[in-house]
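Each remark here refers to the structure printed beneath this line.
Both backbone and side-chain heavy atoms feed into the values below; hydrogens, waters and symmetry mates do not. Order of appearance sets the numbers: ligands from 1, and atoms from 1 within every ligand.
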Amino acid sequence: MINLVLFGPPGAGKGTQSENLIAHYKLLHLSTGDLLRSEIASHTELGIKAKQFIDEGKLVPDEVVIGMIEAKLKEAQNKNGIIFDGFPRTTNQAVALDEMLTRLGTSITKMVSLEVSQDELMKRLLLRGQTSGRTDDNEETIQKRIAEYESKTRPVADYYKAQNKLVSVEGVGSVEEIFERIRTQIDK
Ligand code: B4P
């Protein structure tokens with residue numbers, strides 16, 4: 001099994017690169033951002049709670065996202081592996097993920113970290129905001145999301161570095177160029 005964590009700040013291109021990776025390696029895609037947005041659209045209790053955090057640019061509490069991932073992991077059984085997109089975003093989530101995968105007799109293969117400057121992130125997300133309808137793609141909320149990333153999410157890279165699983169990829173260039181860089185790292 002190939003189990004990948006796709007990592008990077010908001011707008012780094014995690015969702016974009018996931019699409020190519022899923023098709024190429026036949027992986028199950030688990031995006032906590034997509035799962036949360038789908039809960040919000042369905043007006044579930046979880047969605048109503050999550051929306052308050054997302055609209056403020058804050059991370060949704062760990063127990064909410066960990067529970068959501070645990071429920072979805074069962075779907076991975078007939079796949080080559082899983083791509084975790086936007087999860088884990090805190091060290092607590094990373095520890096919980098390791099425990100869940102150990103119980104399933106598997107583990108994370110690599111974490112791919114997409115490196116993009118803050119100016120470029122802001123540019124991309126403001127552009128997406130013009131058409132996405134996402135309530136968190138406005139300048140004030142993007143600033144908060146980047147700050148939340150720096151304080152709570154960036155340390156997750158050290159967690160995987162300590163396990164010798166972290167690989168960094170330059171995340172600026174065409175979508176195809178970046179995909180080739182990621183593929184080279186995974187196939188090593
Ligand atoms: P996510 O949905 O994960 O959103 P993201 O970080 O904004 O997106 P991503 O990096 O995937 O960007 P994309 O490819 O779309 O999270 C949203 C919110 O949900 C979080 O803020 C948080 O509140 C909550 N949440 C999610 N997971 C959580 C967790 N585990 N714990 C707690 N809370 C959680 O790319 C962005 C834009 O750039 C797109 O418009 C794209 O077209 C463009 N782009 C991509 N690649 C490009 C390239 N090479 N060149 C130019 N533009 C590019």
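At under 3.5 Å, not a single nitrogen or oxygen of Phe87, backbone or side chain, sits near a nitrogen or oxygen of ligand 1. For ligand 1, one of its N or O atoms has an N or O atom of Thr16 under 3.5 Å away.
The residue among Gly15, Gly11, Ser174 with a heavy atom at the shortest distance from atom 8 (O) of ligand 1 is Gly11. With Arg134, Arg128, Gln17, Glu19 as candidates, the residue nearest to atom 39 (C) of ligand 1 on a non-hydrogen basis is Arg128.
Within the 4.0 Å heavy-atom criterion, neither part of Leu127 lies near ligand 1. Contacts with ligand 1 closer than 4.0 Å are made by side-chain heavy atoms of Arg37 only, the backbone lying farther away. Contact annotation for Leu114 and ligand 1: no heavy atom of the residue comes within less than 4.0 Å of the ligand. At a 4.0 Å heavy-atom cut-off, ligand 1 does not touch Lys51 at all. Only the side chain of Gln93 comes within 4.0 Å of ligand 1, judged by heavy-atom distances.
Between the side chain of Glu148 and the backbone N or O of Leu59 there is at least one donor-acceptor pair closer than 3.5 Å. Side-chain N or O atoms of Asn80 include one that pairs as donor or acceptor with a backbone N or O of Tyr25 at under 3.5 Å. Checked by atom type and distance alone, the side chain of Lys14 pairs as donor or acceptor with a backbone atom of Gly8 at under 3.5 Å.
In the hydrophobic clustering (ILVMFWY side chains linked at under 4.5 Å, chained through shared members), Val175 stands by itself.
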Show your working on side-chain hydrogen bond (donor to acceptor under 3.5 Å, both in side chains) between Asn3 and Thr109 and close with a plain yes or no. CA-CA 5 Å; Asn3 297 316; Thr109 314; 4.9 Å; no
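Protein heavy atom closest to atom 16 (O) of ligand 1, with residue, atom name and distance, is Arg89 NH2, 3.2 Å. Nearest protein neighbour of atom 43 (C) of ligand 1, counting heavy atoms only, is Arg124 CD, 4.0 Å. Among all protein heavy atoms, the one lying closest to atom 25 (N) of ligand 1 is Leu36 CD1, 3.6 Å. Given atom 23 (O) of ligand 1, the protein heavy atom at minimum distance is Lys58 O, 2.8 Å.
Only one option out of Ile108, Asp85, Val156 pairs with Val5 in a side-chain contact (heavy atoms from CB on, under 4.5 Å); it is Ile108.
The aromatic rings of His24 and Phe179 lie perpendicular to each other, with more than 60° between the two planes, well past the 30° mark.
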